[in-house]
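A short worksheet on the structure shown next.
Index from 1, following the sequence.
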Amino acid sequence: MTTTITPEEFEKALARACMKAANRSMILEPFRCGDRTAVLTGANLREIAGEAGLSVPQARRRIEKLLKDAKVLRHDTTGGCTRWWLVGLAPSPAAAPAAPISLPPFVPAVHATPSPATAPRQGVTPPTAPVPARQHWSDVLGVARDCSTSEAREAFKSALAAVDDLDLDADQQRQRIRDAYNARLVEDGISEFE
């Protein structure tokens with residue numbers, strides 16, 4: 001096969017071979033970083049020779065000339081199969097500006113905070129009052145701060161007995177009462193288990 005083609009025709013054949021190879025690998029997004037990633041899926045020498053109608057040694061000589069002129073990129077893969085890519089064939093990632101997103105006319109506008117009319121429908125919880133600061137143990141037990149240990153113990157027992165078992169927060173209320181009583185004991189330097 002001794003066909004003579006011009007360098008321009010060879011470059012066009014190389015471009016066709018590269019695009020065919022890239023199309024086979026479109027699932028890998030070969031153009032995500034322009035020529036730098038497109039070369040990973042570029043055409044091999046046998047594909048280029050077949051597209052140009054040349055023998056493999058003729059195509060190799062033409063590729064080497066283009067490589068010296070910095071018109072092609074080379075990617076060597078495992079097993080000796082080299083991929084070739086014509087420089088400038090893949091679009092530059094910065095060259096393609098992102099198109100503005102246009103929504104269909106039936107899509108409602110989204111607001112950062114829902115309007116009062118749509119809040120119940122959307123299931124948005126209305127803002128609640130700020131969480132109160134942690135209560136002092138005497139406020140939880142309902143005694144004076146300077147009460148005796150026995151008074152605190154009696155208030156602790158009556159507060160635990162006053163918690164309704166059917167209340168959904170019963171466990172949290174009991175724990176809050178226990179924590180308040182323990183804080184009173186710690187304040188006096190008394191261990192709960194003495």
Practice item. Apply side chain to side chain contact (heavy atoms under 4.5 Å, CB included) to Arg62 and Ile5, showing your working. Key: CA-CA 10 Å; Arg62 300 239 180 173; Ile5 61 172; 3.7 Å; yes
Check your understanding: So which pairs with a foot in residues 5-28 pass salt bridge (charged side-chain N to carboxylate O under 4.0 Å, His left out), sequence neighbours left out?
Key -> Glu11-Lys71, Arg16-Glu51, Lys20-Glu51, Arg24-Glu47
Review point. For residues 135-149, which residue pairs qualify under salt bridge (charged side-chain N to carboxylate O under 4.0 Å, His left out), counting only residues two or more places apart or in two chains?
Key: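 Qualifying pairs, neighbours excluded: none.
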Roughly how far, to the nearest 0.5 Å, is the [atom2] atom of [Y] from the [atom1] atom of [X]?
{"X": "Leu160", "Y": "Leu141", "atom1": "CG", "atom2": "CG", "answer": "9.0 Å"}
{"X": "Leu66", "Y": "Lys68", "atom1": "CG", "atom2": "NZ", "answer": "11.5 Å"}
{"X": "Leu45", "Y": "Leu14", "atom1": "CG", "atom2": "CG", "answer": "10.0 Å"}
{"X": "Asn44", "Y": "Trp84", "atom1": "CG", "atom2": "CH2", "answer": "11.0 Å"}
{"X": "Ser138", "Y": "Glu151", "atom1": "OG", "atom2": "CD", "answer": "12.0 Å"}

Once side-chain contact (heavy atoms from CB on, under 4.5 Å) is applied, do any residues pair with [X], and if so which ones, sequence neighbours excluded?
{"X": "Val186", "result": "none"}
{"X": "Ala15", "result": "Leu86, Leu89"}
{"X": "Glu187", "result": "His136, Trp137"}

Review point. Does a side-chain heavy-atom distance below 4.5 Å link Arg60 with Leu54?
Key: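 Counting from C-beta outward, Arg60 and Leu54 never come under 4.5 Å.
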Review point. Does a side-chain heavy-atom distance below 4.5 Å link Ile63 with Thr82?
Key: no
Practice item. Could you point out which residue of Asp179, Asp165, Asp167, Asp169 forms a side chain to side chain donor-acceptor pair (under 3.5 Å) with Arg174? Key: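 Considering Asp179, Asp165, Asp167, Asp169, a side chain to side chain donor-acceptor pair (under 3.5 Å) with Arg174 is found only for Asp165.
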Practice item. Sorted by first residue and then second, give each side chain to side chain donor-acceptor pair (under 3.5 Å) pair with at least one member in residues 154-163; sequence neighbours left out. Key: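 As it turns out, there is no side chain to side chain donor-acceptor pair (under 3.5 Å) pair with a partner in residues 154-163 once direct neighbours are skipped.
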Review point. What's the shortest heavy-atom distance between Ala43 and Cys18, and which atoms?
Key: CB-N, 4.0 Å
Point to revise | Non-hydrogen atoms of Phe10 and Ala52 that approach each other most closely | key: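 Nearest pair, atom of Phe10 first, then Ala52: CD1-CB, 3.9 Å.
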Exercise for review: Give me the one residue out of Gln173, Arg176, Arg178 that meets side-chain contact (heavy atoms from CB on, under 4.5 Å) with Val140.
Suggested key: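 Exactly one candidate clears the test, Arg176.
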Review point. Are Asp171 and Gln175 close enough that a side-chain donor and a side-chain acceptor fall under 3.5 Å?
Key: no
